[in-house]
Protein chains: 2
Amino acid sequence: MATMVQVAEMAGVSISTVSHVLNGTRHVEPETKQRVLDAISRTGYRQDALARALRRSRTDSIGLVVPDAGEPAFAEMVHGVEHAAANLGLTLILANSAENPEREERATHALLDRRVDGLILGRAAVSTPGLLQLLEEEKTPIVLLDRVFPDLPFDQVGADNREPMERLVAHLIAAGHRRFALMAGDIRVPTLRERGEGFGNAIRAAGLDPADQIVLSGTDDDELKDRLLDAFRAPARPTAVIAGSTPLAVSALRTARTAGLTIPGEVAFAAFDGFNHSDLFEPQITTVRQPAFDVGVAAVRLLADRLHDGDARPRTVRLQQSIEFRASTEDFPGVDADRVADAVAEPA
Amino acid sequence: MATMVQVAEMAGVSISTVSHVLNGTRHVEPETKQRVLDAISRTGYRQDALARALRRSRTDSIGLVVPDAGEPAFAEMVHGVEHAAANLGLTLILANSAENPEREERATHALLDRRVDGLILGRAAVSTPGLLQLLEEEKTPIVLLDRVFPDLPFDQVGADNREPMERLVAHLIAAGHRRFALMAGDIRVPTLRERGEGFGNAIRAAGLDPADQIVLSGTDDDELKDRLLDAFRAPARPTAVIAGSTPLAVSALRTARTAGLTIPGEVAFAAFDGFNHSDLFEPQITTVRQPAFDVGVAAVRLLADRLHDGDARPRTVRLQQSIEFRASTEDFPGVDADRVADAVAEPA
DNA sequence: CTGTTAGCGCATTCAG
DNA sequence: CTGAATGCGCTAACAG
């Protein structure tokens with residue numbers, strides 16, 4: 001590979017001049033400039049991004065750590081981040097922690113050691129003390145992605161999770177549902193916790209008895225399924241199930257199948273994040289859709305702003321989710337009238 | 001950030017010694033080594049990957065360019081590549097060409113300029129002359145991903161596309177189908193071309209009349225839909241539709257809906273790549289499933305081998321696809337007996 | 001067993 | 001308007 005030295009020799013100028021025509025950083029006589037340009041194209045010279053970065057102390061790259069590259073929602077965020085980064089001329093270094101605290105810390109260090117100009121971090125459900133300390137001390141701008149932590153002094157982007165859950169549950173209550181099962185999942189994850197909170201808010205706001213609601217939280221998928229199955233087989237089974245994420249939705253759907261319950265005939269169903277092309281398949285699932293691509297874009301935007309003004313006050317951006325109402329919550333034959341009467345008779 | 005110089009000063013040794021304890025590259029007296037280690041932890045020193053890479057002429061990173069980061073199959077490959085790269089201590093620089101030749105060339109250059117140790121390239125449907133020339137001249141190891149080009153002197157990984165298509169079509173023919181529609185898509189893409197070829201092979205092998213088959217190729221999605229709709233409305237409409245990719249499957253399903261045809265009641269259907277969790281939804285779609293994650297892993301493996309032995313003969317690896325047979329091709333009430341008789345009476 | 005030194009390829013200050 | 005020289009932070013001869 002040719003270096004500036006060979007270009008300079010061929011053009012009969014100093015490497016300083018080559019550098020300046022390359023970067024347009026000072027005036028160069030048109031004629032010499034042309035000689036340099038010719039030498040560049042004849043040698044096929046290309047700037048070495050590494051050496052340039054070392055000298056300038058900027059890499060024009062950003063790092064992205066996601067907690068689960070396999071989940072479609074995160075894959076979409078990666079897509080959005082890549083897109084926005086490319087638009088700014090930044091290259092993207094990607095790492096996946098796979099919800100593993102050690103991998104998360106290692107990946108974060110690896111990216112920082114590569115001197116990324118900024119880092120977008122979707123934290124794992126649980127982080128190492130080392131990572132938390134690193135976050136505190138690190139000077140490189142960091143944006144937290146998807147999983148929003150209230151008290152951290154970082155720019156953060158995520159979806160608004162409580163509001164759509166409240167709206168969804170209110171909708172189902174208005175349709176007559178009184179007993180819900182929520183597949184809440186790992187509530188150490190802010191996203192899932194917030195969705196769970198939205199659920200609680202809606203139940204209380206409607207004056208329903210929280211004791212009638214089944215909230216299944218935990219990290220053991222098999223156990224969640226078992227508990228949901230028990231609920232399905234109990235005398236007063238839930239008439240509506242809400243899943244807080246795609247994996248939880250898969251578990252819920254499998255459990256409904258195991259229990260022999262049809263959707264929406266025997267149980268209503270809705271999911272956050274959900275499945276692609278839900279409009280094409282039965283059951284048509286009511287879905288709270290997160291603008292995952294845009295969340296990624298917004299993260300880059302926050303990062304770029306911070307790169308530009310390091311002292312601005314940290315911002316937390318919440319993107320709105322939309323609810324795609326479909327048959328899975330609409331076409332059920334109606335809730336058992338007795339049970340509805342019970343629930344209404346003895347509000348919380 | 002602390003540099004080796006401060007560590008060396010604090011430990012009372014030369015930077016050379018610091019470097020050697022860091023890299024374990026020559027023996028250091030246990031006692032001095034300990035002093036260095038102490039100084040490192042007290043200063044919070046971390047190696048600068050940039051400077052290290054510049055000096056060593058290796059970045060311990062690899063580049064990945066995908067043609068469509070939004071397609072789930074490629075997202076899975078990205079996941080697989082990241083996973084395998086991380087296992088080898090390599091960081092991943094990701095770029096998306098979005099099927100745009102200029103972006104592809106720009107991205108490839110950007111990664112190469114960053115001196116990635118190797119590059120995994122999923123080519124766009126059409127590349128610039130500049131990219132082709134670059135590929136020819138470039139010394140950095142390159143592995144072609146997913147889209148296999150027969151005559152190129154590169155390591156390549158992709159799925160075997162002809163065989164499963166042949167098997168699928170044979171299966172459908174055995175079930176009585178004689179008139180197919182293939183959503184072939186952009187046959188400049190090797191993957192789609194190979195799937196199309198597999199289709200042709202199967203038709204010929206069965207002695208069916210190619211003229212009875214409808215092969216819809218092209219890049220204009222609306223036009224493909226229109227032509228499929230025409231086919232659906234023709235007197236002798238196809239009894240089975242095969243989609244060569246997920247986007248094509250979406251188009252086909254929408255068109256079937258427009259035409260008011262039920263699956264599999266009135267038309268059988270199968271798709272390559274398909275949808276996640278197809279077992280949970282109706283219609284349950286027969287799917288040719290590509291091991292996308294493993295394709296990504298295999299690409300890294302090829303690249304690592306090449307990094308280790310640059311002179312080995314280029315290899316092309318084809319991973320096998322599995323066919324998930326489901327109701328969409330199984331439970332149709334049967335093909336129109338007359339038409340079957342016709343087709344059998346006048347073989348190609 | 002350890003230290004000194006010369007670059008890796010570039011951007012940039014300082015001279016001219 | 002252009003060139004010479006310095007150093008970003010590190011590794012790897014080379015020397016002792």
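Chain identifiers are assigned alphabetically (A, B, ...) following the order of the sequence lines, protein sequences preceding nucleic acid strands; residue numbering begins at 1 within each chain.
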5'-most contact on DNA chain D (nearest-nucleotide basis), H20(B) vs L54(B), goes to L54(B)
Nearest-angstrom distance from the residue atom [atom1] of [X] to [atom2] of [N]:
X	N	atom1	atom2	result
E31(B)	dT2(C)	CD	P	9 Å
K33(A)	dC1(D)	NZ	P	11 Å
I15(B)	dT11(D)	CD1	P	9 Å
I40(B)	dC10(D)	CD1	P	10 Å
Y45(A)	dC10(C)	OH	C1'	7 Å
E9(A)	dG9(C)	CD	C1'	14 Å
Q47(B)	dC8(D)	CD	C1'	16 Å

Nearest heavy-atom contact between A98(A) and R103(A) is CB-NH1, 3.9 Å
In short, F149(B) meets Q156(B) closest at the heavy-atom pair O-NE2, 2.7 Å
Are D113(A) and R52(B) ion-paired here, with the side-chain N under 4.0 Å from a carboxylate O? no
Do the charged groups of E138(A) and R46(B) touch, with an N to O distance under 4.0 Å? no
Base, sugar-phosphate, or nothing for [X], non-hydrogen atoms under 4.0 angstrom?
X	answer
S16(A)	base
R58(A)	nothing
S19(A)	base
T25(A)	nothing
V13(A)	sugar-phosphate
M4(A)	sugar-phosphate
V28(A)	sugar-phosphate
L50(A)	nothing

Minimum-distance nucleotide (side-chain atoms of [X] versus [options]):
X	options	result
R55(A)	dC8(D), dG3(D), dC10(D)	dC8(D)
N23(B)	dA12(D), dT11(D), dA5(D)	dT11(D)
D48(B)	dG9(C), dG9(D), dG3(C)	dG9(D)

Has [X] got a side-chain N or O lying under 4.0 Å from the OP1 or OP2 atom of [N]?
X	N	result
Q6(A)	dG9(C)	no
T17(A)	dG3(D)	yes
R52(A)	dA11(C)	yes

Going through the distances and angles, do L135(A) and F154(A) end up as a side-chain contact (heavy atoms from CB on, under 4.5 Å)?
-> CA-CA 9 Å; L135(A) 293 186; F154(A) 293 110; 3.7 Å; yes
With a 3.5 Å cut-off and just heavy-atom distances, do the side chain of R26(A) and the base of dG3(D) make a donor-acceptor pair? yes
Check your understanding: In terms of the angle between their ring planes, are F293(A) and H79(A) parallel, tilted or perpendicular, with boundaries placed at 30° and 60°?
Key -> perpendicular
